[in-house]
Amino acid sequence: MKYEEEWDFYFSNVDDKPGSFYLDMGLSQIAPIDKMPHFFYVSLKMNDPREQDGLSSDREYETLIEIEDSLVGLLKDKHNIIYVGRLTSNGTRDFYFYTSDTLLIEKTISESLVRFPNYEYDFEIKNDKDWSYYLEFIYPNPRQLQSILNRRVIDNLEKNGDKLTQPREVNHWIFFKTTEGREKYIEKVKEKGFKIEDIDHADQDKEFKYKLRISRIDNVGHGDVDDYVLYLWELANELDGDYDGWETSVEVV
């Protein structure tokens, strides 16, 4: 079973509470895995969550990582399992796994956590041959996925020395099934101050073959990009389009 791991995180509301997912997104390329039909999770009650939102605190960070390493490490040593990710929300941290055989799983969980007697935990095993828990609950929805992609571009700018303080031209690529959808999109984005940079045809064999590139001078801080990119993404979906991403220059001052 070969695939490329792709660990990332995102925030979401879970049962009307703030939640932070950390998961291997690369598994979406091969899920469901027929030989791993059993889903199980270990739910750990945190001892020192943040009071304002129930997420993990800096004070407890190192201990939680130690617990995770112990739990995942021993399960991998003794069983045929895949660790797919975790959720931190409402004072708990849940660790999610799939396995081919549930025999003695409970015993191994107990052995891995015996070093942490001050922590309460629970676990549950469910049959899930379709991997619905991973694909429908743990994995981000399309809007959340676009936000993750936005953050990756911003992180790359920062890695190249960009302080994110300078507004600059941001280019966006969108592809459409029809020219009618593209024209309606152009009409809408012009009202928002976007310039039309390029109108063209992509590969005629593709479903989304009508290309559009637009631009606007914008800020690219972590609190800025989602505002306009998710607007463009949603508008594209409404008009049978496919938002294909954004690009900008690195500004080092």
Centroid-centroid under 6.0 Å between Trp131 and Phe137 rings = no
Report yes or no: is the cationic atom of [X] (NZ for Lys, CZ for Arg) closer than 6.0 Å to the six-membered ring centre of [Y], at no more than 45° off its axis?
{"X": "Arg216", "Y": "Tyr228", "value": "yes"}
{"X": "Arg93", "Y": "Tyr121", "value": "no"}
{"X": "Lys192", "Y": "Tyr231", "value": "yes"}

Closest approach of Ser56 and Thr88, non-hydrogen atoms and distance?
->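 The answer is N-CG2, 3.7 Å.
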Taking all non-hydrogen atoms of both residues, which atom of Lys45 and which atom of Tyr119 are closest, and how far apart?
-> O-CD2, 3.4 Å
Please work out whether the ring planes of His201 and Tyr210 are parallel, tilted or perpendicular, with thresholds of 30° and 60°.
->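 Rings of His201 and Tyr210: perpendicular, as their planes differ by over 60°.
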N-O pairing of [X] and [Y] below 4.0 Å:
{"X": "Arg86", "Y": "Asp24", "result": "no"}
{"X": "Glu111", "Y": "Lys107", "result": "yes"}
{"X": "Arg50", "Y": "Asp53", "result": "yes"}
{"X": "Asp198", "Y": "Lys211", "result": "yes"}
{"X": "Glu124", "Y": "Lys126", "result": "yes"}
{"X": "Glu66", "Y": "Arg115", "result": "yes"}

Run the salt bridge (charged side-chain N to carboxylate O under 4.0 Å, His left out) check on Glu197 and Lys195 step by step: do they pass?
-> CA-CA 6 Å; Glu197 300 287 357; Lys195 289 172 53 180; 3.8 Å; yes
Check the hydrophobic clustering (I, L, V, M, F, W, Y; side-chain heavy atoms under 4.5 Å; chains of links allowed) and say if Leu103 and Ile109 are grouped together.
->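 Leu103 does not cluster with Ile109.
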Ignoring hydrogens and geometry, is there a side-chain-to-backbone donor-acceptor pair from Asn47 to Asn118 under 3.5 Å?
-> yes
Below 4.5 Å, heavy atoms only, C-beta onward: do Leu44 and Phe95 meet side chain to side chain?
-> yes
Got more than 12 heavy atoms from elsewhere within 6.0 Å of CG, Asp77?
-> yes
His172 and Tyr243: side-chain donor and acceptor closer than 3.5 Å?
-> yes
Is the closest side-chain donor-acceptor distance between His38 and Asn127 under 3.5 Å?
-> yes
